[in-house]
Structure formats: structure tokens, C-alpha cells
Amino acid sequence: MTDQGETISTNWFSQLAHPGFFMRWSAYLIWPLALISAVLFAVGLWFALFHSPADYQMGETVRIMYVHVPNAWLSQFCYGIMAVSAVGTLVWRHPMADVSMKAAAPLGAAFTAMALVSGALWGRPTWGTFWEWDGRMTSTLILFLIYLGLIALWRTFEDQLRAAKVVAVLTLVGAVNIPIIKFSVDWWNTLHQPSTFFRADGPKAPASIITPLLTMTLAFTVLFLLLHVLRMRTEVTKRKADRLEHLKIARQQKAS
Amino acid sequence: MQALWALLIRDLKSASRAGGSLTTLIAFYLSLGVILPIAIGPDKPLLASLGPALIWTGVLLSSLLGLDRIFVADHDDGSLTAFRHTRLGLSAISFVKLIVHWLTTALPLIVLTPVMGVLFSIDLDTLFAVMLTLLLGTPAITALSLVAAALSVSLKRGAVIAPILVMPLAIPAVIFGVGAAKPVLGAGQAETALLFLSAMSLVFVAFAPFAAALALRVSQE
Amino acid sequence: MIDLGPHATYIIAAYSFVFIVTVGLIAVTVSNVTRQARRLERLEAERKSGA
Amino acid sequence: MVPQLPFPKIDISVKGLRCKRGERTVLDGVDLQAPSGTFVAVRGPNGAGKSTFLMCVAGLLPFSGTVSIGSQGWDEDEHPINEQMIFITHLNAIKPELTVYENLSFWADLGGGARDRIRPALEAAGVSRLRDVPAGAMSKGQQRRCSLARLLLADKPIWLLDEPTSALDKSGDIWIAGLISAQVRRGGVVIAATHRPIEPEADIAMVTLDLEAR
């Protein structure tokens, strides 16, 4: 019985050596990230809602941009993180890479959903319609579908490590495809209507727009990093707990 | 080479004898050809202008129907494991599977397209254009299907999940495919679209077998 | 509160949606953290007492 | 029958083999010495990792520890496919809609063109009468025989067999035991995972590898 216990504990130490290290250093990140994010949100929202003028063209609706653009940026940033994690899973076989990928996917879907909804609510007063098939919004919608596909594929697997590798392959296939999709959608867009829309992040944006926009973007990005780290930590904890539960079941079976 | 040929012949024989799948494919495609005009209404000019888009959508949806068959039979009967000790690599096998799937799925749909042309009352020039873009564009869709099938090979619900994975990634093929076939376009734009369509098919067909082989390898672990 | 002009509804809707989703994300994430940590604690305690 | 020349010397040795399948550790420190001319019976209850062991030796799974075949040895993640072995899994790899002959000639073509071996192989398996019958119309036992006939097409020194006798009757068991004995006598190595013990001829060197349920 003691012998059995010995082998089990050596197993799990070697298996969790890397995650253990991650759990130690990431613990120091949580509160600083939370604090920075909270401060940035406070300052950013104050700028966005009270301390910035209405745009001469868009009027007050410019304020929607301050929540739309950060989410649109994060929807792509998150995919970038997933693609790097996918390479980490398949090539470097880093034990934390698949944890990072799994933690990022639902966040990516959520941020993409926020970008889409805020975009639609911005589009209605600006363009007079909730949905305009313009290149960017269409690409973002397709990105959302890709996120859903990744999450769905992940959820159909029971074994998480096997799922990680398969999802990593799909993530990379998607990463190769996203530029093609973006390009094709832009081409399709010019085909159907000449592009005359206001460009949100054009070079001519005045400082009164830039300040809240940058602050809010930073705030959301730091929040994303915080949530990502928290979700990764949860996943590591969950796997440890799952393993203990399996051992418990095995013990009970042996006893009976 | 001889081994690749043997695999191609065996899969084609197997597909032709297993039966049912081709009939299902044809029935599904033609059903779309009936349902879409009924839903839209018997407005011939409208149908004709929507024709290329409807046909492309129909081909995309129909080709997703038998998607899980690409690898599942060989996975379930152990052939996929047995392949690993032959001279063929998994990427070569995937490439043959791509060809077989295109021949048994995309090709029949393209051959049936004139019937759809009649149902949508599109003119001959447009019909030829659509068939040409299908010929050039379906390899890209087949390539994506190959990867999705490999990803979901070990899953019981693979037949449900694989189409979800293919559709968003197949959008560029639909855009360029329909774009090249639309009669309203200037000649220059149609050529650009055809060029992109062919380039995409070539690149996808070149890379898909490797991605599929990788997916098969990891899902066996 | 400042005057948000004729399109106040859209602005408020956009901010509320983003607010709800963001707060929801944070809430779900934090609740998962504590839930899994508790679960691990419980299982580890069981393991110790069992062995 | 095909001439039965002896195989060049080929030894298999496994040291400290550990293998994880997904999250589950299936094998933890398995050792095996199987020199040329040995029959290895891998035994153990369900879930002990018999199939996983075969797949590791076959090079289909990443593992830690060392597996060496002949002069080549591998450890850790390296898992090249060895052309000197044939692996018959518990599945038959037989297409029901193709005839017996078509199935076997396909595997012969993949193995590098040994179609002239098909007839003797079918005769040995006792299914030569069913040559042109769709494989799906045969009984489970006949399908298993047909699948095992692939061993005779390939002429490889190393055989990995996962439950070779499943679905076989008494005469099938005897046939398999005879095949294994002949292979071992030629200097080959046969590793078979079995529930039912296989009894090779008396002079055959036999090693038993017992795996425990985890």
C-alpha cells in the first residue's frame, strides 16, 4: 500500500513540476494586475464619459467607440495568444501551453461578442443600421464563429490533453486562414459597396479621442491578462483535483 | 506510388460499392434546388440573379454532408493504424483521401449543377462560369473538410462538429467563387477572383494533408 | 450625468452590455477559482485522512 | 509455400517504459528482453495496458524509457515507424464491401507488392474458398483469419498481435499457435497480447510479460 502511494506521488510531482512553478510566480501577478486594471478603468471611464468632448461628426456616439475598439482589439489579440499557445502545445510541448489555450478561448469569444454588439449599437446611430456588412464587422463575426468552433471542438473531447493537441491544430489552421478571410471579405466589400465609412482609428483622430481610447484599451487588455492568468490557475487546480478524484475512485474500487 | 494508387483504387471501389452515400448526396443537393426557389418564390429574374450564390451555398452544404466519412471508416476498422507500418506516410494517405473525397463528393455536385441551373433559370454563360468556379474552388473546400474530418475522427459526434469547423474557414472560397461567377461584374474583377480562387485551392490542397496527418497522429495518442 | 444627445439609448445600451458581460466574466472566473480551490482542498484532506 | 529463410538477428529490448494516454498513465516502468526467436505473451486484466504496450513498441505513441529494436534504440518522444514489423490490432482492417482477395491484395500492394503470396496465405488461413466473397458476408472468425493472413503477406521479422485469437475457434487457435511457432523458429519475434493463452509448440522460447491493472 505504501509502495503504491510512493509511485503515485512521484508521478504527480514530475507531472506538475512546471505547473507548480507557474502557480508560484503567477500568484504575485493577480493583485497588481487587478489594481492596475481597476485604476485604468476608473480613469478611462471618467475620460470616456465625462471628460471628453463629443465628436464634431458623430456627436456623443463617439463614446461607444471607447468600449468597442478595445474589445475589437482584444478579439484579435486573444487569437494571437491562442496561436502562440498552439505552437507551444504542438512544437515545444510546454505543459502550460494547452492550459493557456483552453483559458483563452472563451475569453476570446466573450470579447468578440462584446465587440460585435457594441459595434452594432454604434452602427445604428452612425450608419442608420445595426448591421452593416462592412469588411471589419464581417471578419469579426467570422472570427466569432471560429471561436465557437474551437470551443465546441474542445468540449466534445473527454480527455483534456488529447483535446489540447487537436484544438491546437485547428487553432493554427484558423490562424493561417484569418488573413485570407480578412482579405477576401475586404475584397468582397469593395465589390458590393465603395468603402466610404468613417475609419475609427484613422490618423486624424484628435487627442481628446486618443486619451480615453488608449486608457480604455489598456484597461481592457490588463483585465484580459488578469482573467487569463486566473483561468489558467483554475485549470491547473482543476486538473490536480481531477487527478486526486481519479485516485480516490481507484482506491475505492480496490477496497471493495 | 504503386501503394498510393492501390489506396486510391481501394477507396473508390469501396465508395462505389458501399452505396447510399452518392444517392444521399444527390438527393440533398436537389432538395436544396427545390426548397430555395420555393422559399424565394417563382420570380425568374430574381432566381437567376441569385443563382450563382444559391448554387455555391448548395454545394458547400451538400459537401459537408458526408464529411465525416473521409477517415471514420478507416479509423473504426483499424486500417488507419495498419497504414502506419506501411511505406505510406499519413500525409500521403491524407492526400489520397482528399482526391477520393473530391471525386466522390465535389465532382458529382459539379456534374449535377446544370440541373440546378435549369431550376434557378440561369443562362448558359453564367452556368459555365459557375461550373468553372466550382471546379477551381471545391478543392479548397475539400481540403478544409479533410482537416476537419481528421480533427474529429476519434469523436462520436464528429459528424456534427466537423461542418461547424469547416464553414467559417470556407467563406473566402465562397466569396471568390460567387464573385467570379456573378454576371454583374466587370471582366477584370472576375479574373482576379478566379486567380485568387485557384491560388487558394492550390495552397489549401498543398497544406491540408500535412495538417490532417498531424491531427490524425495526435488523435491516436 | 452629462447629456448624451439624441442617441443616448445606444450609448447606454452599449456600455451596459459591455459592463454586464465584463462583470459576468469576472464573476464566473472568480467563482471558478474558489470552487476548484475548495474542491482540491477537500480532496487533499480526504487523501491525507485516508492514507 | 513461400521459402522460409531465417531472419537476420533482431532483438527487442524495453527498459523502464512509461506511457501516458492523454491524462492517464497507463504503463509505468515496464521491462522486456526478447531476443531473436522468442514468443512474448503479454497478459493482464482489462485496462492493464496490453494494447498500449504494443502501440509503444510499434512506435505509435510517445513514451518515456527506452525501446530498442535490433541495433536501433529510442527513448523519450522519438517514435519512428519501423518497417521490420507488422502490427495486427484487435480490429481487422478489412473492408466489408470488398472481397477477401481485394482486401488482401490491397495490403500486399501497400507492403510492397507480394501478390503471389495471397493464394498460399488464404489457403493457410483456411479461407481460400471465400476468395471472391465480400468480406462483410463472412463470419467474425473468418474475418479474423483473413486479417491474420496479412502476416503471411508481409514477411516481416517482428509481429505485434493484439488479441489474435479473438473470435477464433479451437482450430483457429491451433493455426495461430503454428504460425507463431514457425515465425519464432525462423528467428523472428512475436509479441502477442492475449486473454486466452496461446500454446506454441514445446521447443519455442517463450517469455511472459504480466501487466497489472492500474
Side-chain angles (χ1 to χ4, degrees), chain A residues 79 86-87 89-91 93 97-98 109 112 133 135 138-194, chain B residues 53 137 140 143-144 146-148 150-180 182 184-186 188-190 192-193 195-197 199-200 203-204 206-208 210-221:
Chain A
Y79 204 92
V87 175
T89 306
L90 290 174
V91 182
R93 305 201 176 184
D98 65 279
T112 314
W133 287 98
T138 313
S139 307
T140 309
L141 182 59
I142 299 172
L143 185 63
F144 185 63
L145 294 178
I146 294 176
Y147 274 123
L148 288 187
L150 285 168
I151 296 171
L153 182 62
W154 203 306
R155 296 183 75 121
T156 39
F157 279 90
E158 260 176 35
D159 188 307
Q160 294 302 297
L161 293 185
R162 189 174 302 186
K165 289 181 179 168
V166 174
V167 172
V169 176
L170 181 64
T171 307
L172 290 181
V173 171
V176 173
N177 261 277
I178 284 171
I180 301 176
I181 291 172
K182 185 110 189 60
F183 171 76
S184 68
V185 167
D186 284 344
W187 180 83
W188 170 78
N189 194 236
T190 56
L191 200 72
H192 289 269
Q193 59 219 89
Chain B
L144 289 170
L146 183 84
V147 178
L151 288 168
S152 58
V153 70
S154 61
L155 296 170
K156 280 186 205 82
R157 295 201 293 142
V160 187
I161 191 106
I164 306 287
L165 308 180
V166 174
M167 273 194 275
L169 301 178
I171 285 172
V174 175
I175 287 179
F176 291 128
V178 179
K182 262 263 169 88
V184 290
L185 285 181
Q189 266 172 330
T192 321
L195 216 61
F196 283 131
L197 196 63
M200 222 173 64
V203 172
F204 281 17
F207 283 108
F210 297 102
L214 185 61
L216 289 176
R217 211 168 291 132
V218 296
S219 58
Q220 200 162 36
E221 282 175 5

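Scope of the values below: all heavy atoms of this structure, side chains included, with no hydrogens, waters or symmetry mates. Residue numbers start from 1 in every chain, and the chains themselves are labelled A, B, ... in the order their sequence lines are given, proteins ahead of strands.
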How close do A/Gly174 and B/Leu169 get, heavy atom to heavy atom, and via which atoms?
CA-CD2, 4.2 Å
Here the pair of heavy atoms bringing A/Ile181 nearest to B/Pro168 is CD1-O, 3.8 Å
To the nearest 0.5 Å, how far apart are CG in A/Leu145 and CG in B/Leu165?
11.5 Å
Applying side chain to side chain contact (heavy atoms under 4.5 Å, CB included) to B/Ile171 and A/Trp188, what does each step give before you reach the verdict?
CA-CA 11 Å; B/Ile171 285 172; A/Trp188 170 78; over 6 Å; no
Only counting residues at least two apart or in another chain, list the ones meeting side chain to side chain donor-acceptor pair (under 3.5 Å) with A/Lys182.
none
Derivation of the side chain to side chain contact (heavy atoms under 4.5 Å, CB included) call for B/Phe204 and A/Asn177:
CA-CA 10 Å; B/Phe204 281 17; A/Asn177 261 277; 3.2 Å; yes
So how far is it from B/Leu155 CG to A/Glu158 CD, rounded to the nearest 0.5 Å?
10.0 Å
Relative to chain B, which segment of A/Leu90 carries a heavy atom at a distance below 4.5 Å: side chain, backbone, both, or neither?
side chain
Quick check for you: among A/Val169, A/Leu148, A/Val166, A/Ile146, which has the greatest number of heavy-atom pairs under 4.5 Å with chain B?
A/Val166
Could you tell me which residues satisfy side chain to side chain contact (heavy atoms under 4.5 Å, CB included) with B/Ile164, sequence neighbours excluded, listed by chain and number?
none
A/Leu153 and B/Ile161 have their tightest heavy-atom pair at N-CD1, 3.5 Å
B/Met200, part contacting chain A, at a heavy-atom distance under 4.5 Å:
side chain
Under 4.5 Å from a heavy atom of chain B, the part of A/Val185 involved:
both
For the residue pair A/Phe183 and B/Phe176, does the interplanar ring angle fall in the parallel (under 30°), tilted (30 to 60°) or perpendicular (over 60°) class?
tilted
B/Phe207, part contacting chain A, at a heavy-atom distance under 4.5 Å:
neither
Non-hydrogen atoms of A/Lys165 and B/Val218 that approach each other most closely:
CB-CB, 3.7 Å
So which of A/Leu143, A/Ile142, A/Leu141 has the largest heavy-atom pair count under 4.5 angstrom toward chain B?
A/Ile142
Taking every non-hydrogen atom, the tightest pair across A/Phe157 and B/Leu151:
CZ-O, 3.9 Å
